[in-house]
Amino acid sequence: MSASERLTSHRPHDGSRLWDGAAAGPAEVAAAVAAARAAQPAWGAAPLADRLAIVRAFKAAVEAEAEPFARLIAEETGKPLWEARTEVASVAAKVEISIAAHAERTGTREGAFAADPHGARQAVRHRPHGVLAVLGPYNFPAHLPNGHIVPALIAGNALVFKPSELTPAVGERMAQLWASAGLPEGLLAVVQGGAETGRALAAAETDGLLFTGSATTGAALARQFAETPHRILALEMGGNNPLVAWDVAEADIEAAARVIVQSAFLSAGQRCTCARRLIVEAGPAGDRLVDAVVALADRLIVGAPFDQPPPFMGPVIDNRAADRLLAAAGALPGRVIRPLKRLRPGLPFLSPAILDVTGQNAPDEELFGPLLQVRRVPDFAAALAAANATRFGLSAALVGGDATLYDRFWKGSRVGVVNWNRPTNGAASSAPFGGVGASGNHRPSAFYAADYCAFPVASIEADRPALTIAQGLR
Ligand code: NAD
């Protein structure tokens, strides 16, 4: 997208235009990076307390604007208002959690240095990288970039943030909230645009890039960053997440179905942690569970963000995404249990869909929408093997079983989030969050975001030099 190109965003639930503005070209990106570069040294050198005052003022600004902010998120993403409200609450809650994480993960340690006979001290302190780029996705247009921005600012970095081209209005609102909190100019520049603007930002003279998005884009960024290994690259990507339901007690079938449906269909399946694959016992136990899941999926309300009664899920982000999902679902092998259908002509409302792929070779791709693939297997070893039959490694959950089975599942799952009797998409900012395999590059976010926002500096220090050479002198 060149500087003269326009960028627009639309409300997924009715197709109306929400935001219109210019896309940033390479010159605008370079200017934003230069402004960040100029603003960063004073910010990084300021006492931590000064930075924390601004970050806490941002929290207050978000809380003061919570309802209009939630409405904007709901309008631009199509997610139900109740869910957008939880996103805003997460944005505000991120502040105190990140302050605690900064102290715990990258705090200063100073003390005696026992290895030095002359009484030197040892210190570990952290320094900000400098200028960091943030690339955001559309599914949580506030909470996920915020999960990079807050810890990066606390650590003393300046940022250039490119929101998803599908959610520019939310990105712009975030910048306004920071400005109203008194964040000095230049420290958080927003550049709007699509992949081309993202590529320009990745190529610009930053000290690193914090990314949340698809595995394909993340891999492209890793290739681009291969030439600059001195720059930090944190990649939070997608998954093809398994949920194994095993030994579910008769009395727990309805609760298990709720955990499964929430895992698969929350946010219309547009969460990186959504369960894409349900693995159950072949035979009557698995059948009963799948029947309960289908019955519950039949009851889900799909609707517009502000509908009453409130919907469980909204549309997917746009018609392109809906068309892609419909084509991918149509190409999957197996038996349709509940079809993926467009529910309103010309709009991206999709039905929660369930497909039985038992014995089939389904592609190991993330299908980012309300589509759950069921696989029936003979025993738990086969269930574990099926769960791990993916190049991704973001989240996994076991529903049912006992502590021994869960222990086996936990140890056998190569993912960054493992849950038991709770949805795959249950995650907390108070814990690290990230995946392995094609889901991440071992730079987990959330509580561990502090780690990639600063680098440690180790020092051995004394007020005076000492006679440090003890042997080998003539
Ligand atoms: P995306 O990869 O298409 O886009 C993410 C961002 O990267 C956008 O700002 C986009 O403009 C930019 N971009 C796209 N191509 C680029 C390129 N070649 N160079 C530089 N920038 C580029 O992702 P999306 O569709 O917006 O978001 C959905 C994806 O995000 C899903 O795969 C989902 O699993 C993933 N996700 C991951 C997490 C996580 O924390 N692991 C959280 C939410 C979403």
Side-chain angles (χ1 to χ4, degrees), residues 1 7 9 23-24 26 29 76-77 79 87 90 133-148 160-168 170-171 190-204 206 209-225 233-241 266-276 316-318 320-322 324-325 328 365-369 390-395 415-417 424-425 427-429 431-449 452:
M1 218 171 263
L7 182 68
S9 80
V29 169
E76 201 167 43
T77 61
K79 67 176 69 175
E87 180 165 358
S90 300
V134 173
L135 292 177
Y138 65 77
N139 62 333
F140 282 86
H143 171 52
L144 291 173
N146 186 63
H148 300 303
V160 180
F161 165 37
K162 192 197 81 59
S164 163
E165 59 273 39
L166 302 172
T167 54
V170 172
V190 169
V191 291
Q192 301 282 11
E196 206 172 303
T197 308
R199 267 191 294 271
L201 182 53
T206 64
L209 188 151
L210 315 178
F211 170 78
T212 308
S214 65
T216 306
T217 306
L221 289 166
R223 284 192 294 275
Q224 198 174 350
F225 269 62
L233 178 65
L235 301 174
E236 312 300 331
M237 301 178 282
N240 188 13
N241 311 306
L266 194 63
S267 313
Q270 298 171 112
R271 286 194 185 204
C272 52
T273 44
C274 274
R276 309 293 173 201
V316 295
I317 190 71
D318 61 10
R320 271 185 56 207
R324 263 199 314 266
L325 282 161
E365 294 298 336
E366 178 191 49
L367 299 179
F368 205 59
T390 172
R391 67 197 163 100
F392 295 96
L394 188 52
S395 70
V415 292
V417 176
T424 51
N425 40 28
S429 292
F433 179 83
V436 295
S439 299
N441 66 340
H442 300 276
R443 301 220 181 267
S445 193
F447 202 76
Y448 283 10
Y452 58 66

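Hydrogens, waters and symmetry mates are skipped; everything else that's a heavy atom, side chains included, is used. Counting from 1, the numbers follow the sequence of the chain as shown. As the structure lists them, so they are numbered: ligands from 1, and atoms in each ligand from 1.
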| Does ligand 1 have an atom under 4.0 Å from some heavy atom of Ala202? | no
| Ion pair present between Arg391 and Glu366, side-chain N to carboxylate O less than 4.0 angstrom? | no
| Is Arg271 close to ligand 1, meaning an N/O of one under 3.5 Å from an N/O of the other? | no
| Using heavy atoms and a threshold below 4.0 Å, how should the contact between Asn139 and ligand 1 be classified: side chain, backbone, both, or neither? | side chain
| said: Quick check against the 3.5 Å criterion: does Asn139 have a side-chain atom that pairs as donor or acceptor with the backbone of Gln270? | reply: yes
| Heavy-atom nearest neighbour in the protein, as seen from atom 25 (O) of ligand 1, with distance rounded to 0.1 Å | Tyr138 CE2, 3.2 Å
| message | Counting non-hydrogen protein atoms only, what is the nearest one to atom 23 (O) of ligand 1? Give residue, atom name and distance. | response | Ser214 N, 3.4 Å
| note | For Pro137, the atoms of ligand 1 under 4.0 Å from one of its heavy atoms are 26 (O), 27 (O)
| How far is atom 36 (N) of ligand 1 from its nearest protein heavy atom, and which residue and atom name does that atom have? | Cys272 CB, 3.5 Å
| note | the protein heavy atom lying closest to atom 41 (N) of ligand 1 turns out to be Met237 O, 2.7 Å
| said: I'd like to check which ligand 1 atoms, numbered from 1 as shown, lie under 4.0 Å from a non-hydrogen atom of Leu144. | reply: 42 (C), 43 (C)
| said: Tell me whether Arg199 contacts the main-chain N or O of Gln224 through its side chain, where contact means a donor paired with an acceptor under 3.5 Å. | reply: no
| Which atoms of ligand 1 are found less than 4.0 Å from any heavy atom of Glu165? | 8 (C), 10 (C), 11 (O)
| request: Examine distances only and state if a side-chain atom of Ser164 and a backbone atom of Pro137 form a donor-acceptor pair shorter than 3.5 Å. | output: no
| Test item: Ser9 side-chain N/O and Pro168 main-chain N/O as donor-acceptor pair under 3.5 Å | no
| Which protein non-hydrogen atom lies closest to atom 19 (N) of ligand 1, naming both residue and atom, and how far is it? | Arg199 CG, 3.4 Å
| said: If the contact criterion is a heavy-atom separation under 4.0 Å, does Phe140 count as touching ligand 1? | reply: no
| Judging by distance only, is a nitrogen or oxygen of Ser439 under 3.5 angstrom from one on ligand 1? | no
| message | Under 4.0 Å from a heavy atom of Gly238: which atoms of ligand 1 are those, numbered in the order shown and with their elements? | response | 34 (O)
| task | May I ask you to list the atoms of ligand 1 that are less than 4.0 angstrom from any heavy atom of Leu135? | result | 20 (C), 21 (N)
| Taking atom 32 (O) of ligand 1 as the reference point, the nearest protein heavy atom with its distance | Glu366 OE1, 2.5 Å
| request: Look only at interatomic distance and state if Thr217 has a nitrogen or oxygen under 3.5 Å from any nitrogen or oxygen of ligand 1. | output: yes
| field | Any donor-acceptor N or O pair under 3.5 Å, side chains Thr167, Glu76 | value | no
| request: Please indicate whether any nitrogen or oxygen in Gly213 is less than 3.5 Å from any nitrogen or oxygen in ligand 1. | output: yes
| query | What distance separates Cys274 SG from Asn240 CG, expressed to the nearest 0.5 Å? | reply | 12.0 Å
| query | For ligand 1, which atoms sit closer than 4.0 Å to a heavy atom of Thr212? | reply | 5 (C), 37 (C), 38 (C), 39 (C), 40 (O), 42 (C), 43 (C)
| Which residue owns the protein heavy atom closest to atom 28 (C) of ligand 1, what's the atom, and how far is it? | Phe368 CE2, 3.6 Å
| remark: For Phe211, the atoms of ligand 1 under 4.0 Å from one of its heavy atoms are 2 (O), 5 (C), 6 (C), 7 (O)
| said: Looking at Arg443 and Glu236, is any side-chain nitrogen of the basic one under 4.0 Å from a carboxylate oxygen of the acidic one? | reply: no
| task | Heavy-atom contacts with Ser164 under 4.0 Å: which atoms of ligand 1 show up? List them by number with element. | result | 9 (O)
| query | What about Gly136: any of its N or O atoms under 3.5 Å from an N or O on ligand 1? | reply | yes
| message | Can a donor-acceptor pair be found, under 3.5 Å and without considering hydrogens, that links the side chain of Gln192 to the backbone of Leu7? | response | no
| message | Checking the side chain of Thr424 only, and the main-chain atoms of Ser395 only, is there a donor and an acceptor separated by less than 3.5 Å? | response | no
| task | Look only at the side chain of Ser267 and the backbone of Gly269, and say whether a donor-acceptor pair between them is shorter than 3.5 Å. | result | no
| said: Measuring from non-hydrogen atoms of Pro163 to any atom of ligand 1, is the shortest distance under 4.0 Å? | reply: yes
| task | With side chain to side chain contact (heavy atoms under 4.5 Å, CB included) as the test, would you mind laying out the steps for Asn241 and Leu394 before giving the verdict? | result | CA-CA 7 Å; Asn241 311 306; Leu394 188 52; 3.5 Å; yes
| request: Please step through ring pair (Phe, Tyr, Trp, His ring centres under 6.0 Å) for the pair His148 and Tyr452, ending with a clear verdict. | output: CA-CA 9 Å; His148 300 303; Tyr452 58 66; 5.7 Å; yes
| task | List for me each residue that meets side-chain hydrogen bond (donor to acceptor under 3.5 Å, both in side chains) alongside Ser90, sequence neighbours excluded, and say none if there are none. | result | none
